[in-house]
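Notes to accompany the following structure.
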There are 2 protein chains.
Amino acid sequence: MPDTAIPAACAFADHDHAACSAAGLAQAEALCAAQGARLTPVRRRTLEILLEAHRALGAYEVLERLRSDGFGGQPPVAYRALEFLEAMGLVHRIRRLNAFAACMRPGEAHQALFLICRRCEALAEAPGGRVRAAVEAAAAETGFAVERASLEATGLCPACRAEAP
Amino acid sequence: MPDTAIPAACAFADHDHAACSAAGLAQAEALCAAQGARLTPVRRRTLEILLEAHRALGAYEVLERLRSDGFGGQPPVAYRALEFLEAMGLVHRIRRLNAFAACMRPGEAHQALFLICRRCEALAEAPGGRVRAAVEAAAAETGFAVERASLEATGLCPACRAEAP
DNA sequence: TCTTGACACGTTACAGGATAACATCCTAGA
DNA sequence: TCTAGGATGTTATCCTGTAACGTGTCAAGA
């Protein structure tokens, strides 16, 4: 059981974990109710796990926690819940890390831009509206219609820039 | 051996495969020579495979072809060659597809933006300079220094937009 | 009340993607 | 010629993801 420990923090700035975790759950409930979607126990717990971890987790890390909470312990259980949450805009998938992270702005339709520190593995979600617009502009020139975009950058976070030259 | 057939074409517009394939190899040789890197037989053949396929291939698809050409048939062989080629800017990795594709503009330092059709699975590489600039601008606001960015969009290519409503 | 259909959950089994670690070999430069 | 570094090859294993099937649950309509 190697703790594949993906990233560390979830934003570069400090903030109140407990608060944003609770808020995330509340918003999730509201959002699902509004859309007639069912935030079932597994789904709810999956979201909680990501909110509590407050960093990106691999599907198998999520799965392990679900299992120890008495839910089904096979991969499809985790993948299905994560897929649902992603479709609801409550969770993001970070392909570069093969991992998932709770969304920081559920509800607000937005394009996320992920900033991944290669040194401390911190992960931040930045507003990607303008980037998205640029993507659509570039795509339009070839006649391509963008539906979804994954925007992920690796580099150095503020702290690591200061420490490592 | 399910042919996992990832995408189809490599650009939305028609063009001369043989020519761009030959050009790609020539440029690769020049580029490696200039940087004192060794374009060994496996590496060269790996690039050829991607240029000939003219679409994104999974590492195991590449591996299979290398094997049938008499090269080592174990995963690290393919991964190492692909890694080298990516570092040289001759090959791109498309994370959304878990696949690799030959670069369309080797030599020219550039930021690629991938457009992936969800219907016909065609893949195009669009110029991502402006998108990259937008990413850096957004990152700068949090103090993050971007080193690499992977920009991938899914949607509908021109042909599929016309066919499917 | 009973039926039925959609959806969620769970499991098995496997396919596909990636890497660590070690042995061997080749090759450019001292 | 010798040698150090890089390149190749192999073994073994791990991580990631999905197809397919069976069961349970709940709500709408007969």
Side-chain angles (χ1 to χ4, degrees), chain A residues 1-7 32-33 35-47 49 56-88 90-101 150, chain B residues 1-7 32-33 35-47 49-50 56-88 90-101 121 150:
Chain A
M1 263 149 281
D3 193 339
T4 354
I6 292 162
C32 288
Q35 300 193 30
R38 297 166 54 192
L39 189 61
T40 63
V42 205
R43 292 169 175 176
R44 186 192 166 88
R45 182 66 195 127
T46 301
L47 179 56
I49 287 168
L57 297 178
Y60 278 63
E61 280 184 280
V62 171
L63 179 58
E64 202 174 307
R65 302 185 194 204
L66 283 176
R67 179 185 293 137
S68 69
D69 286 345
F71 293 97
Q74 302 309 316
V77 172
Y79 280 103
R80 283 195 289 236
L82 290 165
E83 197 179 337
F84 168 85
L85 293 168
E86 199 195 359
M88 297 295 296
L90 295 167
V91 156
H92 292 294
R93 181 172 199 158
I94 294 122
R95 307 208 83 110
R96 199 130 188 169
L97 301 174
N98 289 329
F100 299 81
S150 51
Chain B
M1 261 152 282
D3 193 339
T4 353
I6 290 164
C32 288
Q35 299 193 31
R38 296 168 53 192
L39 189 60
T40 63
V42 206
R43 292 168 176 177
R44 186 191 166 88
R45 182 67 195 127
T46 300
L47 180 56
I49 287 168
L50 288 176
L57 296 179
Y60 278 60
E61 279 184 281
V62 171
L63 179 59
E64 203 175 306
R65 302 187 193 202
L66 283 176
R67 181 185 292 137
S68 70
D69 286 346
F71 293 97
Q74 303 309 316
V77 172
Y79 280 102
R80 282 194 291 234
L82 290 166
E83 197 179 336
F84 168 85
L85 293 167
E86 200 195 357
M88 296 296 296
L90 296 167
V91 156
H92 293 294
R93 181 171 199 158
I94 294 122
R95 309 208 78 111
R96 198 130 188 166
L97 301 174
N98 289 328
F100 300 81
E121 301 199 303
S150 50

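Letters go in sequence order (proteins before strands), and every chain restarts at 1.
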Within this structure, what is the [atom1]-[atom2] distance for the pair [X] and [Y], rounded to the nearest 0.5 Å?
X       : Y        : atom1 : atom2 : value
B:Leu39 : B:Leu85  : CG    : CG    : 7.0 Å
B:Glu83 : B:Phe100 : CD    : CZ    : 8.5 Å
B:Leu57 : B:Glu64  : CG    : CD    : 10.5 Å

[atom1] of [X] versus [atom2] of [N]: gap in Å, rounded?
X        : N      : atom1 : atom2 : result
A:Phe84  : C:dC7  : CZ    : C1'   : 12 Å
A:Leu57  : D:dC15 : CG    : P     : 15 Å
A:Met88  : C:dA8  : CE    : P     : 11 Å
A:Leu39  : C:dA8  : CG    : P     : 11 Å
A:Phe100 : D:dC15 : CZ    : C1'   : 13 Å
B:Asn98  : D:dC15 : CG    : P     : 17 Å
A:Leu82  : D:dT18 : CG    : C1'   : 14 Å
A:Leu63  : D:dT18 : CG    : P     : 14 Å

Shortest non-hydrogen separation from [X] to [Y] and the atoms involved:
X       : Y       : answer
B:Arg38 : B:Phe84 : O-CZ, 3.7 Å
B:Ala59 : B:Ala78 : O-CB, 3.9 Å
B:Arg95 : A:Arg96 : NE-CA, 3.7 Å

Ignoring hydrogens and angles, write down the donor-acceptor pairs under 3.5 Å from the side chains of residues 68-77 of chain A, residues two or more places apart or on other chains.
{"from": "A:Ser68", "atom 1": "OG", "to": "A:Arg65", "atom 2": "O", "distance (Å)": "3.0"}
{"from": "A:Asp69", "atom 1": "OD2", "to": "A:Arg45", "atom 2": "NE", "distance (Å)": "2.5"}
{"from": "A:Asp69", "atom 1": "OD2", "to": "A:Arg45", "atom 2": "NH2", "distance (Å)": "3.1"}

Worksheet, complete the sentence: B/S/- along nucleotides 8-13 of chain D (protein heavy atoms under 4.0 Å) is BBBB--

Practice prompt. State, yes or no, whether a side-chain contact exists between B:Leu82 and B:Leu50 at a heavy-atom distance under 4.5 Å.
Written response: yes

Item to complete: Evaluate the side-chain proximity of B:Tyr79 to B:Tyr60: yes if any heavy-atom separation is below 4.5 Å, no if none is.
Response: yes

Worksheet item: Contact class for B:Arg67 (heavy atom, under 4.0 Å): base, sugar-phosphate, or nothing?
Response: nothing

Practice prompt. Kindly say if B:Arg96 contacts the phosphate of D:dG17, meaning a side-chain N or O under 4.0 Å from OP1 or OP2.
Written response: no

Collect all protein-nucleotide pairs involving nucleotides 27-30 of chain C in which both atoms are nitrogen or oxygen and the distance is under 3.5 Å.
none

